[in-house]
Amino acid sequence: MAANAFLDFLKARRTFYALNKELTVTPARVEEIVKEALQHVPSSFNSQSNRVVVLFGAEHNKFWDITTETLKAIVPAESWESTSNRMAMFKGAAGSVLFFEDQTVVEGMQAKFAIYADRFPVWSTQSSGMLQHTLWVALEAEGLGANLQHYNPLVDAKVAETWKLPATWKLNAQLVFGGRAAGAGDKVFGPVEEKFKSFGA
């Protein structure tokens, strides 16, 4: 039965788009959760290629201003209103977690284990995905809401410049978090029988 408590947190995880700047925990607690997850999420060959930047308050707003400006230059005028509203929704949250993969680590593993060279970028992305999901679940367990976005690589260069990040940090995803301003939509599931097989039990 011990796994049930863990699975309950997974079941409770939702995508909350309507967020506000009211945090249910302190920024220090968010940072603690992020650092614990960053240290303990697995990676292939213990390569530890994950990197994270957490943005609160004005720094969070700055990220979404950068994203808005970047998109405005490429989104057709007739589509801009909906895009602008979406950006305002994300900016209305309390913070963002930016997920990166350090390409120096990935390339170092490729050089060290040449037989697996083509797999290390894939494995690094898998580890990043585990970290994203872990933090999403953990922040929601603390009473926050969150949604996962992907505005990379459009904003990569400006993000690196703005926060003086190493050029080898490749942006992978952005987890927007904050207080829950409204509920989440219902989850819809396909039949488990179409997705699951078991042999030898």
Checking side chain to side chain contact (heavy atoms under 4.5 Å, CB included) against F6, which of D8, N4, L10 comes through?
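Looking at D8, N4, L10, the match for F6 under the side chain to side chain contact (heavy atoms under 4.5 Å, CB included) is L10.
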Quick check on side chain to side chain contact (heavy atoms under 4.5 Å, CB included): which of L175, V53, V54, V52 does L98 satisfy it with?
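Among L175, V53, V54, V52, the one meeting side chain to side chain contact (heavy atoms under 4.5 Å, CB included) with L98 is V53.
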If only side-chain N and O atoms count, and only distance matters, is there a donor-acceptor pair under 3.5 Å linking [Y] with [X]?
X	Y	result
D118	Q110	no
E101	S49	no
W136	Q132	no
N46	Q48	yes
W169	Q103	no
N61	E59	no

Are any side-chain N or O atoms of [X] and backbone N or O atoms of [Y], one a donor and one an acceptor, separated by less than 3.5 Å?
X	Y	value
K72	S84	no
N152	N172	yes
T162	K158	yes
T24	E142	yes
S47	S43	no
S127	P42	yes
S128	S124	no

Side chain to side chain donor-acceptor pair (under 3.5 Å) involving T15 - partner list, sequence neighbours excluded:
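Partners of T15 under the side chain to side chain donor-acceptor pair (under 3.5 Å) test: none.
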May I ask whether [X] and [Y] are part of the same hydrophobic cluster, defined by side-chain heavy atoms of I, L, V, M, F, W, Y residues being less than 4.5 angstrom apart, directly or through others?
X	Y	value
F177	M89	no
L165	V34	no
V105	L171	no
V75	L154	yes
F196	F189	no

Does the side chain of [Y] come within less than 4.5 Å of [X]'s, by heavy atoms?
X	Y	result
F56	V30	yes
R86	W64	no
N85	W80	no
K62	K91	no
S44	F120	yes

Check [X] against [Y] and note the closest heavy-atom contact, atom names and distance.
X	Y	value
A94	L23	CB-CD2, 3.5 Å
A138	I33	CB-CG2, 3.7 Å
T67	Y151	CG2-CG, 3.8 Å
L148	A173	CD1-CB, 4.0 Å
L135	A37	CD2-CB, 3.6 Å
K187	K11	NZ-O, 2.8 Å

Is [X] atom [atom1] crowded by more than 12 heavy atoms from other residues, nucleotides or ligands, each under 6.0 Å away?
X	atom1	value
F45	CZ	yes
E78	CD	yes
Y116	OH	no

List the steps, then state whether side-chain contact (heavy atoms from CB on, under 4.5 Å) holds for D156 with F100.
CA-CA 10 Å; D156 291 23; F100 300 82; over 6 Å; no
Which value, rounded to the nearest 0.5 Å, describes the distance between [X] atom [atom1] and [Y] atom [atom2]?
X	Y	atom1	atom2	result
H60	F63	NE2	CZ	9.5 Å
T83	L71	OG1	CG	6.5 Å
K195	K197	NZ	NZ	13.5 Å
K170	T104	NZ	OG1	13.0 Å
R29	L144	CZ	CG	10.5 Å
N50	Q39	CG	CD	10.5 Å

Could you walk me through whether M109 and R119 pass the side-chain contact (heavy atoms from CB on, under 4.5 Å) check?
CA-CA 10 Å; M109 298 303 287; R119 305 308 299 159; over 6 Å; no
Can F99 and Q174 be said to form a side-chain contact (heavy atoms from CB on, under 4.5 Å), step by step?
CA-CA 6 Å; F99 299 91; Q174 306 87 49; over 6 Å; no
Show, in sequence, the C-alpha distance, side-chain angles and deciding distance for F9 and E140, and conclude whether the side-chain contact (heavy atoms from CB on, under 4.5 Å) test is met.
CA-CA 8 Å; F9 283 117; E140 288 203 6; over 6 Å; no
Is it possible for you to check whether R180 lies under 6.0 Å from the centre of the six-membered ring of F16, through NZ or CZ, and within 45° of that ring's axis?
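Because its charged atom sits under 6.0 Å from the ring centre and within 45° of the axis, R180 does stack over F16.
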